[in-house]
**Q** 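Please read through the structure below; I'll follow up with questions.
Side chains included, hydrogens not; waters and symmetry mates left out as well; all remaining heavy atoms used. Quick caveat: nothing in here was measured; it's all calculated off a predicted structure. Every chain is numbered from 1 and lettered A, B, ... according to where its sequence line falls, protein lines coming before strand lines.
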Amino acid sequence: MDALLKIQLLKTQFHKKHGIVKAVDGVDLKIHQGETLSLVGESGCGKSITGLSIMKLVPPPGRIVAGSIEFKKRNILNLSEKQMSKIRGKEIGLILQDPLSALNPVITVGEQISEVIRTHFPVNRKEAKNRTLDLMEKVQLPNVSSLYDSYPHQLSGGLRQRVLIAIALSCSPSLVIADEPTTALDVSIQSQILSLLKNLKKEFQISLLLITHDFSVVAEMADRVAVMYAGKIVEQANTFDIFTNPIHPYTKSLLDAIPKLDFSGKKKTKTIVPLKGAVPDMMNLPDGCTFYPRCSIADESCQKSYPKGFLSDGGKFVSCFKAKLA
Amino acid sequence: MKILFNRIIYLIVLFIGIAIINFTLFFMSPGDPTNQYFSPKVKKSNLQILKQKMGVDLPWHKQLKNWSLHTLKGDLGYSWSKHRPVKDILKEAIPATLQLTIFALFINLIIGSLIGIFAGINSNRLSGKFLDILTLTIYSTPVFLLALFLIYVFSQKLQILPPSGMDSLRFGESGFWLTFFDRMRHIILPVSVLGLIGAATTSRYVQEHIKSVIKQDYIRMAFAKGLSLKRIYFKHAFKNALLPVATLIGIYFPFLLGSALIVEVVFAWPGMGRVTFEAISSKDYPVLMAVNMIAAIMVISGNLISDMLYRFIDPRIRIQ
């Protein structure tokens, strides 16, 4: 099956005064029609920049220096800014983490949705408004006709995130990039938003790139998972396999760091194991495997070169010297 | 509406306070209207009679009462140096100053905003940096220096614009259009000085705010929606950067009055600024008191306007 989105050896770098930040360093990803791929990793590992690279919206001084991004069999890196603006919002939708800062404070909610429709379709204001009201009902906003003329600050966090989802879906895109869509929300609202996203994904038949650091969101939503560390994908597999049989030591430690409930009454069998250290300085990455300084199973050979990825049984992609032997 | 009402009540109280302070300052200043008759030949007792007639020998509160009642009736007193009613002097001067300042304010806001947006968006490029330095240079140039520079270039060297005055001598003899064009020729240089310095100020404010606004998530969202650049910058970015401009309008009224003083003196423009300058030079207290009250009205109404504009632009303040 042909992939809807095919990213190959993508490199996005920030050239700063004191050096180069390799935010995305040779990432390969594929998203198929109707699939949800989850991109997981700690803060600062480059997952958001990967998402923005797909929309060609990397903030300066960052830029895409190498690789290809094929969307519907067209390499969008060769497209002009004008051609790109016809894809943004129409074929690829974006949902950002903080719905308050992502909505313009001085423009009404309805206008912020309907302007996307008016930009991409030849419709008049009235028709755009009708479509907007429909859309607002689809994302389960209450009292849509009065909400249409409200301003973002008058809405609660959950409602604002629904507005963002409506904006992303306004032109029935084939791909939606959701960058931490639930991180800024209360837990009770999180589950509502996730189930809404899940239902709308089916209804609109979209593919979803879900960027998150929250494994409970991954378990709920994703078909496949790609784990990212310091600008590189270290493991990629089906969601079930990641949870049951993680191979890369980084994935393992991420899963170990999740608190678990234990009601068995016995003494604690499994405690939270925090991951040692912090994400390395992206301007000054260690030689060899970038995870080496924090890895529990690394030895001297890991310092010499970065491990090439290999496919294990069952189509898992892993890049680790030690895991191969294990 | 209730907010507007409260605001106006507050400003009226403020105005009364300013009026009392204004009066008291001049009450405490040395000298009185009889000074102009002072000479070795005049008897002291005659001066005393004159003082009684004018009411300047009365205590503070009685003089304040007299002054307030006359001011409220529209009687602003009599100029000591020009020997005319202050009201008549102001009637000639205010329209001349308004022509200058309103013209300048338009140029200021329109050109200043456009340059500010452009410089803010392109702050990393050479063009943005050039505009940044240019506006900073104009912003920090003293008003009189810029005025003299423009006179030197356009009147002295190129000889295309008149260096001073409001009208040429043939004013009144030619038809309406000739008079109009003549006035325009005279107004270009003083308006340029006021407008350019104001525009530099505005653009620096707008530029700074655009720079921070375009880093916001909602601008990233506007790009992600595939909107046109025009819409992103003018609707999404500029509307947010307009807020400081609304505040500036409140500051510009007194600023314009102050700069107009210098510009009017340099260009011999018969407006409020020159009236003020001459009144200060000749210790003409009645004129100065009237000028102060007009300045107070301008500052207060400027504040009211910027307050209302703020509410109009920002929905977060509009709805309480």
**Q** Around atom CG of B/Leu126, are there more than 12 heavy atoms from other residues, nucleotides or ligands closer than 6.0 Å?
**A** no
**Q** Answer with side chain, backbone, both or neither: which region of A/Ser85 has an atom nearer than 4.5 Å to a non-hydrogen atom of chain B?
**A** both
**Q** Can you tell me if B/Tyr139 has over 12 outside heavy atoms packed within less than 6.0 Å of its OH?
**A** no
**Q** Between B/Lys225 and A/Glu115, is there a donor-acceptor pair closer than 3.5 Å when you use the side chain of the first and the backbone of the second?
**A** no
**Q** Please indicate whether A/Phe121 has more than 12 foreign heavy atoms, meaning atoms of other residues, nucleotides or ligands, lying under 6.0 Å from its CZ.
**A** yes
**Q** Any side-chain heavy atom of B/Arg220 sitting closer than 4.5 Å to one from A/Leu52?
**A**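 Result yes, sub-4.5 Å side-chain heavy-atom pair found.
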**Q** Where does A/Leu164 contact chain B at under 4.5 Å (heavy atoms): side chain, backbone, both or neither?
**A** side chain
**Q** With a 4.5 Å cut-off on heavy-atom pairs, point out which of A/Ile92, A/Leu57, A/Val106 contacts chain B the most.
**A**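 Option with the greatest count: A/Val106.
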**Q** Does atom NZ of A/Lys22 have more than 12 heavy-atom neighbours, drawn from other residues, nucleotides or ligands, at distances under 6.0 Å?
**A** no
**Q** Between NZ of B/Lys235 and CD of A/Glu111, what distance do you get to the nearest 0.5 Å?
**A** 4.0 Å
**Q** Taking atom CZ of B/Phe103 as the centre, report whether more than 12 heavy atoms of other residues, nucleotides or ligands fall under 6.0 Å from it.
**A** no
**Q** CG/B/Asn240 to CD1/A/Ile107 distance, rounded to the nearest 0.5 angstrom?
**A** 7.5 Å
**Q** Any idea which of A/Gln97, A/Lys90, A/Gln112 has the most non-hydrogen atom pairs under 4.5 angstrom with chain B?
**A** A/Gln112
**Q** Within the supplied structure, the quantity of interest is the number of heavy atoms (other residues, nucleotides, ligands) at a distance under 6.0 Å from B/Phe238 CZ; does it exceed 12?
**A** yes
**Q** Tell me whether the count of non-hydrogen atoms from other residues, nucleotides or ligands lying under 6.0 Å of NZ in A/Lys72 goes above 12.
**A** yes
**Q** If I compare all heavy atoms of B/Ala224 with all of A/Leu94, which pair ends up nearest, and what's the gap?
**A**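 So the two residues come closest at CB-CD2, 3.6 Å.
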**Q** Near A/Gln205 CD, under 6.0 Å, is it more than 12 heavy atoms from other residues, nucleotides or ligands?
**A** no
**Q** When only pairs under 4.5 Å are counted, which of A/Cys171, A/Pro105, A/Pro60 shares the most heavy-atom pairs with chain B?
**A** A/Pro105
**Q** Rounded to the nearest 0.5 Å, what's the gap from CG on A/Asp98 to OH on B/Tyr218? Could you check?
**A** 12.5 Å
**Q** Give the member of B/His236, B/Met221, B/Gln216 that has the highest number of heavy-atom pairs under 4.5 Å with chain A.
**A**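 Looking at each of B/His236, B/Met221, B/Gln216 in turn, B/His236 comes out on top.
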**Q** Between B/Asp217 (side chain only) and A/Ser101 (backbone N and O only), is there a donor and an acceptor less than 3.5 Å apart?
**A** no
